[in-house]
Structures are given as structure tokens and as C-alpha cells.
Amino acid sequence: MCSASLVIFDCDGVLVDSEHLSLSVLHGMLIEMGVDIPFEEAVDRFIGTTLPKCVEGVAALLGRTPPSDFSTQFATRTKAAFTAALRSTPGIEGVLSSMHAPFCVASNGNRAKLNFTLGHTGLLPLFSGRIFTAEDVERPKPAPDLFLHAARSLNVPPAQVLVVEDTPIGISAARAAGMLAIGFAALTSPQRLHEAGAQVVVRDMRELQLMLGAR
């Protein structure tokens, strides 16, 4: 695993501790709209999805189209939650500072969101020129396109790439791209990550640092 020529990190839930915040906002909005599901079910349904897919999922739960301002309200409330409480994932700075292989970030979020979350947590300079988002491809994760685009842009064959992801959607995309995948079990259970195709699952950044062979 540690011989990879490129390591691709997902952003939300891997680089920054944002998944719990954004899903809490979404869960609260669902309750306001009359969909009283457990938080754990909201995690299973929506973790790792793009905003358009999220809207589709909300519509399916509601049985109707969400209010016209749903996306705007979700973005506004999420940004407020991030501004108040977003932090980098504990230990990720140590992982990045000790990396031997080149690394980048590839996220189903849009570029504005990544610029904000990585900038807010101080990680943005570490990824200068190596940020890839769903806006760069026609099909985001779980399609392999985003990971393949990142590898192609950095001139690394897919078989020499290792992906670190915290969601089944991301793990499936990595495996579809022909890449190795490490699952980071934050909100998602290790079993689900393994079932999605992760060869290894870690629970904290110290484990990840050891797995990557970093100093």
C-alpha cells in the first residue's frame, strides 16, 4: 500500500471533520419538513452524495419536490455551521506533513465549498494546484471519472494510485477506477466500507499514517 505513486484524499470526513456538521443540518431540515428519521438513517442515505443527489433523496423521502429554497437554505445553514465549528480531522496535519508520495484532493463537493472548508481549516495551501471537484467531470462519484481525471492530470496510472475515503460511494468510485482504497471509518461502519471494496479500513489518522508508511 505504501508504494503508491499518488494518494488521493477525499475532503469531507477525511481532511475536514465536516460530514457530521452537514448531515446534522440536513437531518434538522428533514425534521422541519415532517420527515422524522433517525440521524443514523440520514447518514446512510446521504453521506458522500452530491447536492443534486441529495435533493433527489429528500424528494423521495418527502414524496414531493422539496421547497424551492431548499438548496439555498441548506447551503446557508451548512456554511454557518462550518464557520462556527468546522475543524480539520484530528491528526490529518501529521499525515500530510509526513507524506512521501505526492497527494491531492478529489471531492464530490464544488470548488467554492472546498476553497472554504480547506481555507477555514488552514489546509488549502497544502493542496495548491491539486484540487479536483465534481465540477471537473460529467459524472461524480460513485462513477470513477473524478479519480481518473485527478490521476490523469497528475500523470499517474490508476493502478499506482491509493484513495482514502470515508464513504461507500467514494470507495466504490476508487475501485471502479482500478485504484487501491483505504476506508476511514468515521461515520460509516468498517463493515460497510469493506463491503464497498476497501482493502483496508482505519479508524484514526495515526493508523492511516502507519498504513501509508509516512514518517
side-chain contact (heavy atoms from CB on, under 4.5 Å) evaluation trace for Leu212 with His100
CA-CA 9 Å; Leu212 294 177; His100 295 295; over 6 Å; no
Please determine whether side-chain contact (heavy atoms from CB on, under 4.5 Å) holds for the pair Glu165 and Phe9, giving the CA-CA distance in whole Å, both sets of side-chain angles, and the decisive distance to 0.1 Å.
CA-CA 7 Å; Glu165 272 280 358; Phe9 292 93; over 6 Å; no
Begin from the C-alpha positions of Asp12 and Ser18 and carry the test side chain to side chain donor-acceptor pair (under 3.5 Å) through to its verdict.
CA-CA 5 Å; Asp12 294 303; Ser18 55; 2.5 Å; yes
Decide yes or no on side-chain contact (heavy atoms from CB on, under 4.5 Å) for Asp10 and Val105, but give the supporting numbers first.
CA-CA 6 Å; Asp10 178 42; Val105 56; over 6 Å; no
Residues Val164, Val95; criterion side-chain contact (heavy atoms from CB on, under 4.5 Å); working and verdict
CA-CA 12 Å; Val164 182; Val95 173; over 6 Å; no
Between Glu56 and Lys53, does the salt bridge (charged side-chain N to carboxylate O under 4.0 Å, His left out) criterion hold? Intermediate values first, please.
CA-CA 5 Å; Glu56 289 178 13; Lys53 286 294 183 182; 3.6 Å; yes
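Residues Ser5 and Val161 form no side-chain contact, since every pair of their non-hydrogen atoms from C-beta on lies 4.5 Å or further apart. For the pair Arg77 and Phe82, the minimum side-chain heavy-atom distance is 4.5 Å or more. Between Leu96 and Glu93 the shortest side-chain heavy-atom distance does not fall below 4.5 Å. Residues Leu154 and Arg130 form a side-chain contact, since some pair of their non-hydrogen atoms from C-beta on lies under 4.5 Å apart. With contacts defined as side-chain heavy-atom distances shorter than 4.5 Å, the pair Ile171/Asp166 does not qualify. Annotation: side chain of Phe74 is in contact with side chain of Val25 (closest heavy-atom distance under 4.5 Å). Annotation: side chain of Phe46 is not in contact with side chain of His27 (no heavy-atom distance under 4.5 Å). Side chains of Thr188 and Glu19 form no contact here, defined as non-hydrogen atoms less than 4.5 Å apart.
By the criterion of side-chain heavy atoms lying less than 4.5 angstrom apart, applied directly or through intervening Ile, Leu, Val, Met, Phe, Trp or Tyr residues, Val163 is not grouped with Leu210; the two fall into different hydrophobic clusters. Under a hydrophobic clustering in which Ile, Leu, Val, Met, Phe, Trp and Tyr are joined whenever their side-chain heavy atoms come within less than 4.5 Å, directly or via other members, Met179 and Leu162 fall into different clusters. Grouping the Ile, Leu, Val, Met, Phe, Trp and Tyr side chains by contacts below 4.5 angstrom, directly or via other members, places Val35 with Ile47. Residues Phe39 and Ile31 fall into different hydrophobic clusters, defined by Ile, Leu, Val, Met, Phe, Trp and Tyr side chains chained together at heavy-atom separations under 4.5 Å. Residues Leu123 and Val7 share a hydrophobic cluster, clusters being chains of Ile/Leu/Val/Met/Phe/Trp/Tyr side chains in contact below 4.5 Å.
Once rounded to the nearest 0.5 Å, the distance linking CG of Asn115 with CG of Asn110 reads 9.0 Å. To the nearest 0.5 Å, the span separating CD on Gln199 from CG on Leu180 amounts to 5.0 Å. For the atom pair Leu124 CG and Thr117 OG1, the distance stands at 8.5 Å (nearest 0.5 Å). For the atom pair Lys79 NZ and Ser22 OG, the distance stands at 15.0 Å (nearest 0.5 Å). The OG atom of Ser153 sits 10.5 Å away from atom CG of Leu148, with the distance rounded to the nearest 0.5 Å. Put simply, OG1 on Thr121 and CG on Leu118 are 5.5 Å apart, with the number rounded to the nearest 0.5 Å.
A donor-acceptor pair is defined here as one N or O able to donate and one able to accept, closer than 3.5 Å; no such pair exists between the side chain of Asp69 and the backbone of Thr72. Judged by distance alone, with hydrogens and angles left aside, the side-chain atoms of Thr78 form no donor-acceptor pair with the main-chain N or O of Ala75 at under 3.5 Å. Between the Asp145 side chain and the Pro140 main chain, no donor and acceptor come within less than 3.5 Å of each other.
Identified under the ring-ring contact (aromatic ring centres under 6.0 Å, His included) test for residues 156-201, with sequence neighbours left out: none.
Nearest heavy atoms, Ala143 versus Ala173: O-CB, 3.5 Å. Of all heavy-atom pairs spanning Leu26 and Cys54, the tightest one is CD2-SG, 3.9 Å. Between Ala106 and Ile8, the shortest heavy-atom distance links the atoms CB-CG2, 3.6 Å. The shortest non-hydrogen separation linking Pro67 to Met33 is CD-SD, 3.7 Å. Arg175 and Ala181 make their closest contact through CD-CB, 3.9 Å (heavy atoms, listed as atom of the first residue, atom of the second, distance). Smallest separation of non-hydrogen atoms from Leu114 and Ser107: CD1-OG, 3.3 Å.
The distance between the ring centers of His149 and Phe132 falls below 6.0 angstrom. Phe103 and Phe127 have their aromatic ring centers within a separation under 6.0 angstrom.
Atom CZ of Arg203 sits in a sparse spot, with 12 or fewer heavy atoms from other residues, nucleotides or ligands closer than 6.0 Å.
For the residue pair Thr89 and Asp17, no side-chain donor N or O sits within less than 3.5 Å of a side-chain acceptor on the partner.
Under the ring-ring contact (aromatic ring centres under 6.0 Å, His included) criterion, Phe70 pairs with no residue, sequence neighbours left out. With sequence neighbours excluded, no residue forms a salt bridge (Lys or Arg N to Asp or Glu O under 4.0 Å) with Glu135.
Electrostatic pairing of Glu41 and Arg45 counts as a salt bridge here, judged by a charged N lying under 4.0 Å from a carboxylate O.
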